[in-house]
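Report on the following structure.
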Amino acid sequence: MRKILYIMIGCISLGLGIIGVIVPILPTVPFVLLAAFCFARSSERLNGWFKNTKLYKENNMKSGMTKRAKVRIMCSVTLLMSIGFIMMGLKGIVVGNIVLLIVWIFHMVYFTFGVKTV
């Protein structure tokens, strides 16, 4: 029963990850990682298949990310966070802007220095 649940969650996560490749608002990497976790727990065959897919290989952060993928992620996050930043700025929510700014800075530093570029 547990294996079936892992397979279902893995398939849903993989589908959302694939949609996230096309739609920049939806993150790809967290869904791909969840799918990898679920497939690894469900069966060795699914785990092997998933690790050989192009989607997994492109978003595998152990070996690093391409410069293009990093730039795409950083631009998407900057665009989305700037919308929240502007909306909160118009409402005068200073603490929210400070939190968003700190999160954005950590995100940029992590993807610039923490994730290897291949």
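In what follows, every heavy atom counts, from backbone to side chain, and hydrogens, waters and symmetry copies are set aside.
Clustering of Ile, Leu, Val, Met, Phe, Trp and Tyr by side-chain heavy atoms under 4.5 Å joins M1 with none of the others. Cluster partners of V71, using a side-chain heavy-atom cutoff of under 4.5 Å among ILVMFWY residues and allowing indirect links: none. Hydrophobic cluster membership for L5: I9, L34 (Ile, Leu, Val, Met, Phe, Trp, Tyr linked by side-chain heavy atoms under 4.5 Å, directly or transitively). Under a 4.5 Å side-chain heavy-atom criterion applied to ILVMFWY residues, the cluster that includes F37 comprises Y6 as well.
Residues meeting the side-chain hydrogen bond (donor to acceptor under 3.5 Å, both in side chains) test with S82, sequence neighbours left out: none. Every ring-ring contact (aromatic ring centres under 6.0 Å, His included) that F39 has, sequence neighbours left out, goes to F50.
Residues V94 and M88 form no side-chain contact, since every pair of their non-hydrogen atoms from C-beta on lies 4.5 Å or further apart. At least one side-chain heavy atom of I73 sits under 4.5 Å from a side-chain heavy atom of H107. Looking at F31 and L14, their side chains never come closer than 4.5 Å, going by heavy atoms from C-beta outward.
When all heavy atoms of A35 and G10 are compared, the closest pair comes out as CB-O, 3.5 Å. Closest heavy-atom contact between G84 and N97: O-OD1, 4.4 Å. Between F85 and L100, the shortest heavy-atom contact is N-CD1, 3.6 Å.
A chain of hydrophobic side-chain contacts below 4.5 Å, direct or via other Ile, Leu, Val, Met, Phe, Trp or Tyr residues, connects Y110 to I105.
Between the side chain of K3 and the backbone N or O of R41, no donor-acceptor pair lies under 3.5 Å.
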